[in-house]
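Reading through the structure tokens given below for one structure.
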Amino acid sequence: MKFIAKLDAVCASNQSLLCIGLDPEYEKLPRFLVGKYGVNALFEFNKQIIDATADLVCAYKPNLAFYEALGPAGLEELQKTREYIPKEIITLADAKRGDLENTARQYAKALFEFYQFDSATVNPLMGYDSLAPYLRYSDKLIFLLCRTSNPGARDFQELNCEGKPLYQHLAESAREWNKDQNIGLVVGATAPRELGIIRKTIGNEMPILLPGIGAQSGDLEQSVKNGMGANKARLLVNVSRDVIFASSEKDFVQAARRRAEHWRARINQYRKNT
Ligand code: OMP
């Protein structure tokens, strides 16, 4: 199934644009879980979060850093996590890869064939040839970093190049390259004005991954308003720490569900009112 069809189906069935970031920083995991499972607490933690929230989300986004940091044992936790995510929910590998063609081919193979993710984040700085290996997978999708949520996004992404900011050039190229509907963009909720410009540039079809809600204090209302595309959707609102670390006690699962319910409801309220 094409990525876009799967995304639309799960957004409709769960009435949700919420993507939960599975960023299980080892040091922040509930102590009782680490005591019982050791490194395997990563999967155990994710499994319980997934069980508690799978009806509230459109996607799960594991950021590979939190798994790679633990070496081969961490990668096993990543694999188990990917395999545990229910098949109707979008899986997004936050890998921010970016390299030349023959290397990119191996990254794409690892993410799409070995781990079997539906999508991945990719850094487009090296240009079209560095993206081509991912685009050959016409059922998958890559989210290109466009205007990121961090303060340093201004260092390069907002530089004026031939009368337009760099992020706008990127959005225009992404639209041009999107022949198979397998490109999306990453735009931070900390930049709702830029998000509006980017959505106008790419049109309503292309999905946008929107991180920066919760711990990074992005503006949810403006972002939903400016970022939504077709069917008041095509926007994946990522929240990681604010959901998964809502509590580090025995009630962490219930606390995560409450936060996920809160975000889904707020997103839907802004969708409705726009
Ligand atoms: P929280 O700030 O805890 O919600 O986590 C945000 C997640 O989104 C992390 O995994 C980040 O690496 C990721 N992210 C950003 O925060 N900002 C960006 O501009 C892009 C990403 C991303 O590509 O997902």
Side-chain angles (χ1 to χ4, degrees), residues 7 17-29 42 45-46 49 53 56-69 74 77-78 81-82 90-98 107 111 117-125 131 134 141-158 165-167 170-171 174 183-195 198 206-220 223 226-227 235-248 252 255-256 259-260 262-264 266-267:
L7 177 67
L17 305 186
L18 179 65
C19 165
I20 294 183
L22 296 174
D23 298 354
E25 188 176 338
Y26 190 62
E27 289 70 26
K28 284 196 184 165
L29 295 179
L42 262 72
F45 177 78
N46 288 343
I49 297 275
T53 58
L56 300 175
V57 302
C58 65
Y60 288 108
K61 179 177 78 70
N63 185 314
L64 270 56
F66 297 93
Y67 304 85
E68 289 171 349
E77 300 300 285
L78 173 68
T81 299
R82 211 304 289 136
I90 293 288
T91 57
L92 204 180
D94 188 359
K96 298 186 182 68
R97 300 298 193 218
Y107 277 139
L111 296 171
F117 280 103
D118 295 317
S119 57
T121 55
V122 173
N123 185 336
L125 190 64
L131 308 177
Y134 302 93
L141 181 136
I142 49 172
F143 287 95
L144 307 182
L145 301 181
C146 182
R147 201 314 185 166
T148 54
S149 65
N150 56 316
R154 293 190 193 94
D155 293 348
F156 302 120
Q157 296 160 26
E158 293 196 355
L166 181 60
Y167 68 76
L170 237 151
I183 296 182
L185 295 178
V186 182
V187 185
T190 50
R193 191 186 68 84
E194 291 79 0
L195 174 62
I198 291 166
M206 197 184 285
I208 292 178
L209 170 65
L210 182 86
I213 296 298
Q216 298 178 54
S217 307
D219 183 337
L220 183 64
S223 297
N226 296 352
L235 185 69
L236 295 87
V237 181
N238 183 80
V239 185
S240 305
R241 284 167 289 182
D242 187 88
V243 168
I244 67 172
F245 295 130
S247 163
S248 53
F252 81 94
R259 290 311 284 164
H262 162 84
W263 290 117
R264 182 178 74 150
R266 276 191 58 193
I267 296 164

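Values reported hereafter were calculated over all heavy atoms of this structure, with side chains retained and with hydrogens, waters and symmetry mates removed. Ligands are counted one by one from 1 in listed order, and the atoms in each one are counted from 1 as well.
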Under a 3.5 Å distance rule, please check whether [X] uses its side chain to pair with a backbone N or O of [Y] as donor and acceptor.
X    : Y    : answer
T91  : D118 : yes
D23  : N63  : yes
N226 : P192 : yes
S119 : A93  : no
D242 : A215 : no

Just checking, any donor-acceptor pair under 3.5 angstrom between side chains of Q157 and T148?
->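 Indeed, the side chains of Q157 and T148 share at least one donor-acceptor pair under 3.5 Å.
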pair [X]-[Y]: side-chain heavy atoms closer than 4.5 Å:
X   : Y    : answer
L64 : L111 : yes
L56 : W263 : no
Y60 : T81  : no

Any idea which protein heavy atom is nearest [atom], and the distance to it?
atom                    : result
atom 17 (N) of ligand 1 : S149 OG, 2.7 Å
atom 6 (C) of ligand 1  : Q216 NE2, 3.5 Å
atom 4 (O) of ligand 1  : S240 N, 3.0 Å

Would you mind telling me if ligand 1 is within reach of the side chain of P211, the backbone, both or neither, using heavy atoms under 4.0 Å?
->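 The answer is the side chain.
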Which ligand 1 atoms are under 4.0 Å away from a heavy-atom of [X]?
X    : value
R241 : 1 (P), 2 (O), 3 (O), 4 (O)
D94  : 10 (O), 12 (O), 13 (C), 22 (C), 23 (O), 24 (O)
N238 : 6 (C), 7 (C), 8 (O)
T121 : 23 (O)
I213 : 4 (O)
D23  : 7 (C), 9 (C), 10 (O)

Is N150 near ligand 1, meaning one of its heavy atoms is under 4.0 Å from it?
->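 In this structure, N150 fails to qualify as a contact of ligand 1 - no heavy atom is under 4.0 Å.
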Decide whether the shortest distance between a heavy atom of K61 and an atom of ligand 1 is less than 4.0 Å.
->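 Under 4.0 Å: yes for K61.
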CA sep, side-chain torsions, deciding dist, call: F245, F45, ring-ring contact (aromatic ring centres under 6.0 Å, His included) = CA-CA 10 Å; F245 295 130; F45 177 78; 5.7 Å; yes
[X] N/O under 3.5 Å from ligand 1 N/O:
X    : result
N63  : yes
D242 : no
T148 : no

